[in-house]
Chemist: 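Following this message is one structure expressed as structure tokens.
These numbers come from the heavy atoms of this one structure, side chains and all, not from hydrogens, waters or symmetry mates. Just so we're clear, the structure is a prediction, and the values are computed from it rather than from any experiment. So you know, we letter chains A, B, ... as the sequences are listed, proteins then strands, and number each from 1.
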Protein chains: 2
Amino acid sequence: MSNSIKIIDGGICAVDGVKAAGSRVGKYGLAVVEAKGSNAAGVFTSNKVVAAPVIHTKEMIKGGKVSLVVVNSGNANCFTGEDGIADCVKTIEEASKLTGIPANEIVTASTGVIGRRMPMDTILPLVEESISKLEHSPESSTDAAKSLMTTDTYHKEFAVEVTLKNGEIVTIGGITKGVGMIAPNMGTMLCFLATDAVISAEDIKKALKIATNKSFNMIVVDGDQSTNDMGICMANGKSGVEVAKDGIIDEDFQEALNFVCISLAKMMARDGEGATKFIECKVNGAKTEEDAIKASKSVISSSLVKSAIFGGDPNWGRIAAAVGYSGAEMDQTMITISLSDDNGNESILVNKGEILAFDGTESLSKAEEIMQEKHINIFVDLYQGESTATAWGCDLTYDYVKINAEYTT
Amino acid sequence: MSNSIKIIDGGICAVDGVKAAGSRVGKYGLAVVEAKGSNAAGVFTSNKVVAAPVIHTKEMIKGGKVSLVVVNSGNANCFTGEDGIADCVKTIEEASKLTGIPANEIVTASTGVIGRRMPMDTILPLVEESISKLEHSPESSTDAAKSLMTTDTYHKEFAVEVTLKNGEIVTIGGITKGVGMIAPNMGTMLCFLATDAVISAEDIKKALKIATNKSFNMIVVDGDQSTNDMGICMANGKSGVEVAKDGIIDEDFQEALNFVCISLAKMMARDGEGATKFIECKVNGAKTEEDAIKASKSVISSSLVKSAIFGGDPNWGRIAAAVGYSGAEMDQTMITISLSDDNGNESILVNKGEILAFDGTESLSKAEEIMQEKHINIFVDLYQGESTATAWGCDLTYDYVKINAEYTT
């Protein structure tokens with residue numbers, strides 16, 4: 001993070017003019033975020049099975065204007081055919097009637113169980129309740145974030161103020177939810193971002209894609225890819241500060257947006273279903289950026305690496321194997337693998353192909369100590385080129401299995 | 001299985017002239033299989049990190065002759081550099097001295113922990129012990145199969161007799177081990193096959209590749225791919241029956257070899273680490289064979305599908321989602337998904353895009369019953385073409401996590 005970025009409170013409501021609210025009945029939650037008159041763009045799951053709100057919002061957002069987002073948790077509204085689309089439309093009509101916002105500036109998102117019709121008798125009253133509570137306050141952002149939660153153990157919100165080179169300031173805030181079915185190229189993750197910057201829908205799309213590739217697309221919980229992923233960024237222009245010119249995004253704004261998305265993505269990984277540990281894997285020296293991404297994600301995705309970290313076992317052979325099958329160019333006689341924690345402890349396990357972590361070595365005992373920490377950093381240098389990537393994930397635990405063995409019942 | 005194939009006892013020793021033996025000290029096992037004067041070929045892991053015996057055996061088998069295989073379990077001899085290759089050579093020299101078989105007709109294989117030097121003080125005496133017990137008997141095949149085991153809960157052997165169109169009979173037998181790090185394109189699996197057919201090394205390679213693609217490459221335990229996988233097929237020609245002519249493999253022989261490999265592969269999937277249930281996923285109506293393979297493996301690999309099956313939850317939305325992100329051509333409004341068990345019970349959950357398994361339906365309650373069985377068949381029809389594939393796997397359980405959290409310690 002550069003000096004020009006300052007973390008602030010308030011989540012998505014840290015942004016001038018943005019209101020939020022949330023409500024919940026039993027397993028169903030409903031969040032609303034209002035950012036009137038915003039230019040907006042979205043990123044969506046690449047799964048070929050897609051939920052009704054994904055189909056509908058993709059279409060609606062082509063207009064480039066979003067003033068209100070209505071999100072429900074508990075039912076994914078996926079595999080629900082024409083009825084599912086009709087339920088999106090009904091939700092939007094209700095929200096439009098209550099807020100006076102034109103229906104074509106309202107989008108929906110959903111997360112939850114697949115293949116069940118939306119319980120509209122529950123959802124519509126929640127829409128009314130949330131809209132009646134819309135407020136520009138830190139508490140409202142928190143309420144909205146909480147009502148997105150499914151198996152999440154805590155709510156996720158984040159905001160920054162970024163000072164551009166010319167001294168002007170813009171704000172970016174967001175709320176999100178994780179936490180299972182998180183995989184390469186978006187998991188069941190919903191993320192709603194707002195900024196007071198002045199920027200066109202087209203340029204938001206560009207900036208959001210860059211930020212997504214460095215953040216949400218670099219976290220893996222279980223390798224399953226959701227049918228419902230959606231990230232929406234709304235720019236209401238309240239600051240009067242332009243952050244793009246002739247299609248070129250201001251560097252500081254892009255960096256701040258990346259930082260917000262990476263921070264939210266890391267919160268998701270840390271809250272992966274059943275997770276007890278957070279894992280960061282940085283790969284250096286890859287031949288291409290694609291190779292760096294493949295190698296770092298492969299380590300983070302490996303069930304064997306994840307189980308070993310749950311068990312506190314510095315089984316680096318599994319890290320080497322995961323890099324080996326990732327498809328990235330590598331040579332096992334050149335690779336370096338090290339572990340570190342956030343207290344400055346580091347252990348080099350393999351140095352340019354030479355194993356340092358034999359039984360009885362300081363390297364191995366230090367690695368065992370690091371493995372007891374809650375935040376494990378894995379570093380791999382391939383010595384094949386100059387490219388680098390970082391991926392984030394969590395350990396594989398009894399509770400992951402428990403949560404997912406019992407989800408619909 | 002066609003009528004020309006008959007399952008017989010004896011494992012790899014069902015094949016005329018084949019001897020085997022196994023021994024074990026603590027966590028280290030050692031199997032030997034002798035099939036003197038055999039033409040032979042192998043298939044190997046595609047991981048870029050490869051164990052010393054993989055490097056060495058790949059080189060040795062180019063000669064097309066293998067008379068003896070020496071396999072140890074407990075140490076993978078991987079990431080052990082030049083020392084690891086030297087340990088393979090030492091093992092082979094010892095075996096050559098004891099058997100009189102030329103060193104260039106002996107190959108090695110290993111399975112176990114990565115990144116530790118081979119405990120040669122333990123291994124060499126085991127080589128001597130196993131060679132001294134070499135015998136042509138069903139018990140010897142079993143002993144050899146047992147000494148391959150790591151986290152396997154039972155040993156795996158299989159044999160058939162196949163009657164060719166001209167009435168001639170050949171035998172094929174094999175032993176194998178699983179059971180973690182099993183992924184698309186071979187996991188930590190070792191498989192040793194023998195046949196009394198007359199066939200050149202080149203033609204064995206062809207036949208073995210076909211059989212491997214239909215069997216070992218279609219099972220997934222955890223999606224991790226091993227550094228040590230190896231499958232070796234030896235043909236000692238004892239039957240005097242030729243099973244290939246001008247590079248064309250006899251159809252019945254190929255079918256029998258496929259059947260042996262599929263049977264052994266299914267044993268591995270059934271014995272996946274911590275598994276309580278066996279899953280078969282057949283995909284029909286795919287646009288291409290590649291699509292059918294992608295879709296079936298994606299379902300079998302999904303942590304969410306695997307957890308749901310462990311929990312006995314007919315969460316078919318996860319099956320649909322896994323097909324959706326597999327990369328196979330599909331249309332969610334056309335897909336059919338059904339479940340069945342081995343007692344003839346079947347439940348169609350989604351029929352050509354229409355959901356039949358709503359709360360309270362017979363379809364759902366029948367699916368819940370099927371989910372209580374030990375053997376779950378998932379059937380998916382994509383209605384995109386004529387191609388089909390079947391993949392095998394197991395559920396994801398607390399014990400998978402336990403086994404792999406504690407493996408090296």
Chemist: What's the separation between atom OG1 in A:T227 and atom CZ in B:R318, rounded to the nearest 0.5 Å?
Modeler: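 If I round to the nearest 0.5 Å, the distance is 11.5 Å.
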
Chemist: When rounded to the nearest 0.5 angstrom, what is the spacing between OH in A:Y325 and OG1 in B:T45?
Modeler: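 Taking OH in A:Y325 and OG1 in B:T45, the distance rounds to 11.0 Å.
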
Chemist: Count the heavy atoms belonging to other residues, nucleotides or ligands that lie under 6.0 Å from CD of B:E82, then report whether that count exceeds 12.
Modeler: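 Open.
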
Chemist: Of the listed residues (A:A357, A:G324, A:G327), which shares the most heavy-atom pairs with chain B below a 4.5 Å separation?
Modeler: A:G324

Chemist: What part of A:I355 lies closer than 4.5 angstrom to a heavy atom of chain B: side chain, backbone, both or neither?
Modeler: side chain

Chemist: Is there a donor-acceptor pair closer than 3.5 Å between any side-chain N or O of B:K48 and the backbone N or O of A:V323?
Modeler: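 Pair absent, no side-chain N/O of B:K48 close to backbone of A:V323.
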
Chemist: Could you tell me which of A:T333, A:T397, A:I335 has the largest number of non-hydrogen atom pairs under 4.5 Å with chain B?
Modeler: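 Top count of heavy-atom pairs under 4.5 Å with chain B: A:T397.
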
Chemist: So which part of A:A76 gets closer than 4.5 Å to some heavy atom of chain B, the side chain, the backbone, both or neither?
Modeler: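 Nothing of A:A76, per the 4.5 Å heavy-atom cut-off to chain B.
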
Chemist: Which heavy atom of B:A320 sits nearest a heavy atom of A:F79, and at what distance?
Modeler: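 Smallest interatomic distance, heavy atoms only, reads CB-CE1, 3.4 Å.
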
Chemist: What part of B:V50 is in contact with chain A, defined as an atom under 4.5 angstrom from a non-hydrogen atom: side chain, backbone, both or neither?
Modeler: both

Chemist: Looking at A:N47 and B:A321, what are the two nearest heavy atoms and their distance?
Modeler: ND2-O, 3.0 Å

